[in-house]
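Here the structure is laid out as structure tokens; the discussion comes afterwards.
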Amino acid sequence: MRKLPPHTSPTSSTEAIAARIRDAVVEHRLPPGAKLGEVALGEIFGVSRTKVRQALIRLAQEKLVSLQPARGAYVAKPDAREARELFDTRRVIERVLIERFAAGATREQLSSLRQHLQCERQAIAAGDTALRNRLLGEFHVLIAQMVGNQVMTDMLRELVRRSSLATLLVQTPRSASCSSDEHASLIDAVLRRDAIGAVRLMDEHLAHVERDLKLSGLDGEALDLRAAIKV
Ligand SMILES: [Zn+2]
């Protein structure tokens, strides 16, 4: 069972435009450093520059977009320090979450997490990089949702999105499948109610993801915005 983000608002609303760009960023169809031209985006979505700008401002508040005076908008590109701090914060939050999850996870929650794991594996096997990147991140947010703390869930969702800008940029199918294997081990530890083991596994997992950081970005590469946003 994969929870898709709500796309219920009209396609021309600010939030709908922000959501389309956000998805493209999180799935790495738009790489860190990619230029987000207001005119080009306005044409793609068939809306005014003002509306595009509002969407970009919203994404800038989420730290997914960087607005540079006189230069315009770019997909944010975390530097090494920011990436370290993102993972540092994730570790603090996710240790608590996995510990609580191990203590209280229901059978239904574990089964729904296993279904998510299946989706991850299918995306990896199919070579669907965009879906794979999104699902690997959503696994972590799903645990937060299941623990049931909305504030931590919202914080983690933002942290996962932002750290996806710093990771997986050139993630190989092999490291993606390692990540998914580690998700499976986490589920097993929770199933055994092994809170200490689950916290250790989460620490190791986040360390592996962080170690694969590639902050090189793809500056200057020509990018087909329309294709990236899939309009
Ligand atoms: Zn993970």
Side-chain angles (χ1 to χ4, degrees), residues 2-83 85-86 89-90 128-138 140-142 144-145 150-169 214-231:
R2 194 163 79 80
K3 266 190 89 183
L4 291 168
H7 284 301
T8 47
S9 41
T11 47
S12 60
S13 76
T14 303
E15 177 45 38
I17 294 167
R20 298 294 292 273
I21 301 173
R22 188 187 293 117
D23 285 352
V25 169
V26 169
E27 296 186 357
H28 294 160
R29 287 180 266 120
L30 282 173
K35 168 101 174 133
L36 298 168
E38 284 179 11
V39 174
L41 288 170
E43 282 169 7
I44 289 170
F45 290 109
V47 298
S48 66
R49 284 181 69 173
T50 311
K51 201 148 239 173
V52 168
R53 194 171 307 138
Q54 285 167 350
L56 293 173
I57 288 171
R58 179 171 305 200
L59 294 170
Q61 285 162 350
E62 297 172 20
K63 307 262 196 298
L64 294 178
V65 160
S66 146
L67 296 176
Q68 299 175 13
R71 290 193 64 216
Y74 294 81
V75 176
K77 193 177 163 192
D79 59 18
R81 178 191 164 147
E82 186 182 346
E85 290 177 356
L86 281 168
T89 314
R90 280 188 63 175
D128 187 339
T129 318
L131 182 60
R132 173 188 93 194
N133 290 346
R134 171 205 285 269
L135 292 176
L136 287 171
E138 277 179 2
H140 294 257
V141 179
L142 213 49
Q145 277 173 338
Q150 191 59 48
V151 174
M152 279 204 265
T153 303
D154 291 344
M155 281 173 71
L156 186 63
R157 183 178 288 115
E158 179 183 325
L159 291 167
V160 166
R161 281 178 185 153
R162 287 174 65 192
S163 52
S164 82
L165 287 173
T167 57
L168 311 174
L169 194 55
K214 290 282 179 205
L215 295 162
S216 51
L218 298 170
D219 284 319
E221 263 188 39
L223 184 77
D224 183 344
L225 261 187
R226 188 177 292 273
I229 295 173
K230 285 190 185 163
V231 175

Check your understanding: When rounded to the nearest 0.5 angstrom, what distance separates CD1 in Ile17 from CZ in Arg53?
Key -> 12.5 Å
Check your understanding: Of all heavy-atom pairs between Arg90 and Leu159, which one has the smallest distance, and what is that distance?
Key -> CG-CB, 3.9 Å
**Study point:** For Arg58, side-chain hydrogen bond (donor to acceptor under 3.5 Å, both in side chains) partners two or more places apart
**Key:** Glu15
Exercise for review: Starting at CZ of Arg49, measure out to CD of Gln54 and round the result to the nearest 0.5 Å.
Suggested key: 13.5 Å
Study note, to complete from the structure: For Val26 and Arg161 the tightest heavy-atom approach is CG2-CG, 3.7 Å
Exercise for review: Output the distance between atom CZ (Arg162) and atom OG1 (Thr89), rounded to the nearest 0.5 Å.
Suggested key: 8.0 Å
Review point. Does CE belonging to Met155 count more than 12 external heavy atoms closer than 6.0 Å?
Key: no
Review point. Does the side chain to side chain contact (heavy atoms under 4.5 Å, CB included) test come out yes or no for Val75 and Leu59, once each step is laid out?
Key: CA-CA 9 Å; Val75 176; Leu59 294 170; over 6 Å; no
**Study point:** Ala83 to Pro78 - nearest heavy-atom pair and separation
**Key:** N-CB, 4.4 Å
Review point. What's the spacing between Asp128 CG and Asn133 CG if we round to 0.5 Å?
Key: 9.0 Å
Study note, to complete from the structure: Distance col, row Lys63:NZ vs Leu165:CG, nearest 0.5 angstrom, shows 12.5 Å
Practice item. Decide, yes or no, whether a salt bridge links Asp23 with Arg20 under the criterion of side-chain N to carboxylate O below 4.0 Å. Key: no
**Study point:** For Ala18 against Ala55, the heavy-atom pair lying closest together
**Key:** N-CB, 3.8 Å
Check your understanding: Would Glu62 and Arg22 pass as an ion pair if we require N to O under 4.0 Å?
Key -> yes
Point to revise | Closest contact, heavy atoms only, Ile21 versus Leu56 | key: CD1-CD2, 4.3 Å
Exercise for review: For the pair Lys77 (side chain) and Pro31 (backbone), establish whether a donor and an acceptor sit closer than 3.5 Å, ignoring hydrogens and angles.
Suggested key: no
Review point. Which residues pass the side-chain hydrogen bond (donor to acceptor under 3.5 Å, both in side chains) test with Glu85, sequence neighbours left out?
Key: Arg81
**Study point:** Side-chain heavy-atom pair Arg157, Val160 within 4.5 angstrom cut-off
**Key:** no
Check your understanding: Roughly how far apart are Gln145 CD and Leu142 CG, rounded to 0.5 Å?
Key -> 5.5 Å
